[in-house]
Number of protein chains: 4
Amino acid sequence: MTEDSAKERILSAAEELFAESGFEATPTSRIAERAGVPKGLVHYYFRRKSDLLAALVDRLPDEQIEPATVVVPGDLAGSLRRLVVELDRRFTGSLGLSHLLWREADTHHVVREALADRFQQLVRLVHSVIVGAAGGRLAVADVDNASGLLARAVSHRHATARHSRDDRPAEFDGELTFLANALSSKVRKAAPAD
Amino acid sequence: MTEDSAKERILSAAEELFAESGFEATPTSRIAERAGVPKGLVHYYFRRKSDLLAALVDRLPDEQIEPATVVVPGDLAGSLRRLVVELDRRFTGSLGLSHLLWREADTHHVVREALADRFQQLVRLVHSVIVGAAGGRLAVADVDNASGLLARAVSHRHATARHSRDDRPAEFDGELTFLANALSSKVRKAAPAD
Amino acid sequence: MTEDSAKERILSAAEELFAESGFEATPTSRIAERAGVPKGLVHYYFRRKSDLLAALVDRLPDEQIEPATVVVPGDLAGSLRRLVVELDRRFTGSLGLSHLLWREADTHHVVREALADRFQQLVRLVHSVIVGAAGGRLAVADVDNASGLLARAVSHRHATARHSRDDRPAEFDGELTFLANALSSKVRKAAPAD
Amino acid sequence: MTEDSAKERILSAAEELFAESGFEATPTSRIAERAGVPKGLVHYYFRRKSDLLAALVDRLPDEQIEPATVVVPGDLAGSLRRLVVELDRRFTGSLGLSHLLWREADTHHVVREALADRFQQLVRLVHSVIVGAAGGRLAVADVDNASGLLARAVSHRHATARHSRDDRPAEFDGELTFLANALSSKVRKAAPAD
DNA sequence: AATGAATGAGACTTCATTCAT
DNA sequence: AATGAATGAAGTCTCATTCAT
């Protein structure tokens, strides 16, 4: 069953190699080699090299995280922490993808758009988690701002993790707690008049 | 005045082109062309193409921002806002540089390190501004966390600004205010005896 | 019949050109030109230029001479003369090869070894012919010395023939006869009891 | 006094490098480097690269060997042995020269002629030594043949010594003795009537 | 459907040579 | 006299892409 089709193997090889060395620096011949297929087959399935990149973006896994799996109502800090743990896991599980998206975003609009989409998804996800954990007692603007801030910080953290030797994202608990406290203090302040 | 030396023109051309299309996708011949010099001269000054990249990183402007120029003690939100305005200006003024650093960080460790350096500088800068504006009445950990969060968010904002049509960084005031408030509320809470 | 495969034509062209102008002085483009193939094909078959040289040495014809074809027992001088005539014919028939070997021996160890091999073959061949023509009545040491001397002289004669306008080896009969006589006198002296 | 002029240092560097890597494979810049002179100076003294080769051949040391220094009348084998020892010493003392001459003889007629000259000198030298050691009792033809044979063998021996790791010429005493005996036997046979 | 031989444009780089100083 | 910046021709090699089978 792990006997992937040749086409699939080509795509995986391309993903790895584009992530390792970049699109331009990767010859199609090396893709064929790593996929263990004859050179001609790469161009048989993907006439031009850029078609490979497009196909790679198309098959982007849509691994949504379900807010419910990390949210504990009333425990904002914990919920955010669990969210980030989960995000980190996804990130580590598809490093090639992440490398690829960041690397080629500048020159391939297809990729750029995919990257932007993912960021928007992330913002919405953080938003949901905050709302789910803190209840509806927060000002909409505050939630928006916190979500934006956190999504950016998490994205940046992953983006720079790519650059480190072991691809492991940096410590982040302090920042998370700080943010959770900031929001929580708003809740209290927003509700004494109740 | 714009009569730069040939060597300088080559570097500028390389910076632009590497930023536009990436290192690999930029032929040295196009660099020579844009710099208006014969092809041989490029390799006379920079034996291999990668030497160009190294030179580009070496001459990285060290445009430090002086905290004092944006800090107004007591006005944290305003100070941060002025800081970001200034950072955005620097960013817009050297777009090529920023593109270059992010694009090539994955494959050229010189570049990667330069990018990491710049990030650390940014963290320290934000730190100084917060301390300068809020006085010494904040917990060290809070300042650290807020600085990290903000530096990451600002970096990410610039990194993704590269991907937009007009290179303009996204709106950010809301996030800034939120963060300033978060910190300010700590000050008050930390000094209830006042 | 002369419709050789492209690969074969490339090798022949390379052999000729390397012999004419030397390895370094021969552009691969000129090889392609003379072989009547597109430039890319040369590097398709032989990734690097030096692979061409290696291939050339590999396909070195192993044109052994069968001692029996020149030996007439009892006629040492005649046998040696027939041997040299035959060696000269081989030499003239593959001039390119000979040029090539001597020219590039200094810088390419593959070639150097091939040249050394050929010399050893030659020594053994001369040895066989002497023994075959003179019978077993000669001292081993004498045969060894004479073989070495003659093999060296013949090699040198071919090596310098390359340098002459018409590639024709110099007259050599006198030397041959002298050597045959030298050996023959030993036979008589070794068997005075006859 | 070892403070050679720049021009002299350039020539020596060229001789070494041409011998090591060949004429074509040696950039003039490397000659300048090894000579410790600025690049421009090489072409200041020798406008074209080939002028260097010509100059090198022009200044060829004419290290003639005086027959009297090795000849002991009556001792032919010893005389030849001493001659070869002396020739080997000259050879080892100017290896660069020898490499150079053999390497570039194929493509530069100036060099080719110099090499041929040296060979003729050698033939005459051997001739003188034989005559000196054996007296006038040998047939002219025999002396000619033996000289040619020996000169060729010695030349070949040096030519192939270049190809060995340590540039040391191979053992040769057996061959020499054999040749001396061959000649000596003629003397005896030629003079029984005395 | 699949393959790998074949192609040619073009990339990087080297280098002899010129020339202004 | 001496230098090293500058030039451009040319060399080796890579590679996406095509095509006959």
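Bear in mind that the values here come from a model prediction, so they are computed numbers and not experimental data.
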Peer 1: Partner lookup for F:dA16, please. Criteria are Watson-Crick or G-U wobble with both distances under 3.5 angstrom; report none if nothing qualifies.
Peer 2: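 The answer is E:dT7, by the H-bond criterion.
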Peer 1: Calculate the interatomic distance between D:Asp51 atom CG and E:dT17 atom C1'; express it in whole Å.
Peer 2: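 Those two atoms, CG and C1', are 12 Å apart.
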Peer 1: What is the distance from NZ of D:Lys7 to P of F:dT3, rounded to the nearest Å?
Peer 2: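 After rounding, the reported distance stands at 15 Å.
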Peer 1: Under a 4.0 Å heavy-atom cut-off, which of residues 29-42 of chain B touch DNA chain F?
Peer 2: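 Of all residues in residues 29-42 of chain B, the ones placing a heavy atom under 4.0 Å from DNA chain F are B:Pro38, B:Lys39, B:Gly40, B:Leu41.
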Peer 1: Rounded to the nearest angstrom, tell me the gap between atom CD in B:Glu24 and atom P in E:dG10.
Peer 2: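 Rounding to the nearest Å, CD of B:Glu24 and P of E:dG10 are 18 Å apart.
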Peer 1: Please confirm whether the shortest side-chain N or O distance from A:Arg47 to OP1 or OP2 of F:dT18 is below 4.0 Å.
Peer 2: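 So the side-chain polar atoms of A:Arg47 do come within 4.0 Å of the phosphate oxygens OP1 or OP2 of F:dT18, strictly under.
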Peer 1: Short question: side chain of D:Ser12, backbone of D:Glu8 - any donor-acceptor pair under 3.5 Å?
Peer 2: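 Here the side-chain-to-backbone pair exists.
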Peer 1: Please assess D:Lys39 against D:Arg30 for the test side-chain contact (heavy atoms from CB on, under 4.5 Å), listing each intermediate value before the final yes or no.
Peer 2: CA-CA 9 Å; D:Lys39 193 158 78 81; D:Arg30 192 141 55 206; over 6 Å; no
Peer 1: Can you check whether C:Thr28 has a side-chain N or O nearer than 4.0 Å to OP1 or OP2 of F:dT12?
Peer 2: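 For C:Thr28, the contact criterion (side-chain N or O under 4.0 Å from OP1 or OP2 of F:dT12) is met.
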Peer 1: Ignoring hydrogens and angles, tell me if any N or O in the side chain of B:Ser164 forms a donor-acceptor pair with the backbone of B:Asp167 under 3.5 Å.
Peer 2: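 Looks like yes, one N/O pair under 3.5 Å.
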Peer 1: Is B:Thr26 reaching over with its side chain to a backbone N or O of B:Leu17, donor-acceptor style, under 3.5 angstrom?
Peer 2: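 Yes.
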Peer 1: Whom does F:dT21 pair with, Watson-Crick or G-U wobble, provided both distances fall under 3.5 Å?
Peer 2: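 Its partner is E:dA2.
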Peer 1: Using a heavy-atom cut-off of under 4.0 Å over every strand shown, decide if B:Thr26 touches base, sugar-phosphate, or nothing.
Peer 2: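 Contact class for B:Thr26: sugar-phosphate only.
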Peer 1: Tell me: NE2 of B:His43 to P of E:dT13, nearest whole Å?
Peer 2: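 Result: 5 Å.
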Peer 1: Without decimals, in angstroms, what is the distance between A:Ile10 CD1 and E:dA2 P?
Peer 2: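 Rounding to the nearest Å, CD1 of A:Ile10 and P of E:dA2 are 10 Å apart.
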Peer 1: With a 4.0 Å cutoff (strictly under), does any side-chain N or O of B:Tyr44 reach OP1 or OP2 of F:dG8?
Peer 2: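 So the side-chain polar atoms of B:Tyr44 never come under 4.0 Å of the phosphate oxygens OP1 or OP2 of F:dG8.
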Peer 1: So which one's nearest nucleotide on DNA chain E is more toward 5', D:Phe23 or C:Ala6?
Peer 2: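 Closer to the 5' end of DNA chain E: C:Ala6.
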Peer 1: Donor-acceptor check, side chain of A:Arg34 to backbone of A:Ile31, threshold 3.5 angstrom: yes or no?
Peer 2: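 Checked: no pair found.
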Peer 1: Output the rounded distance in Å from CZ (C:Arg9) to P (E:dA5).
Peer 2: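 For the pair C:Arg9 CZ and E:dA5 P, the rounded distance is 17 Å.
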Peer 1: Donor-acceptor pair, B:Glu104 side chain versus B:Phe23 backbone, under 3.5 Å?
Peer 2: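 Side chain of B:Glu104 to backbone of B:Phe23: a pair is present.
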Peer 1: Are B:Arg162 and B:Arg103 close enough that some pair of their side-chain heavy atoms sits under 4.5 Å apart?
Peer 2: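 A side-chain contact exists here, since the closest heavy-atom pair is under 4.5 Å.
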Peer 1: Under 4.0 Å from OP1 or OP2 of E:dC12: is there any side-chain N or O of B:Arg48 that close?
Peer 2: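 No, outside the criterion.
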Peer 1: For D:Tyr45 and E:dT17, give me the distance from atom OH to atom C1', rounded to whole Å.
Peer 2: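 Interatomic distance, OH of D:Tyr45 to C1' of E:dT17: 18 Å.
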Peer 1: Would you indicate what C:Phe46 reaches in the nucleic acid, counting non-hydrogen atoms under 4.0 angstrom: base, sugar-phosphate, or nothing?
Peer 2: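 If one applies the 4.0 Å heavy-atom cut-off, C:Phe46 turns out to touch nothing in the nucleic acid.
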Peer 1: Output the rounded distance in Å from NZ (A:Lys49) to P (F:dT17).
Peer 2: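 Atom-to-atom, A:Lys49 to F:dT17, this comes out as 8 Å.
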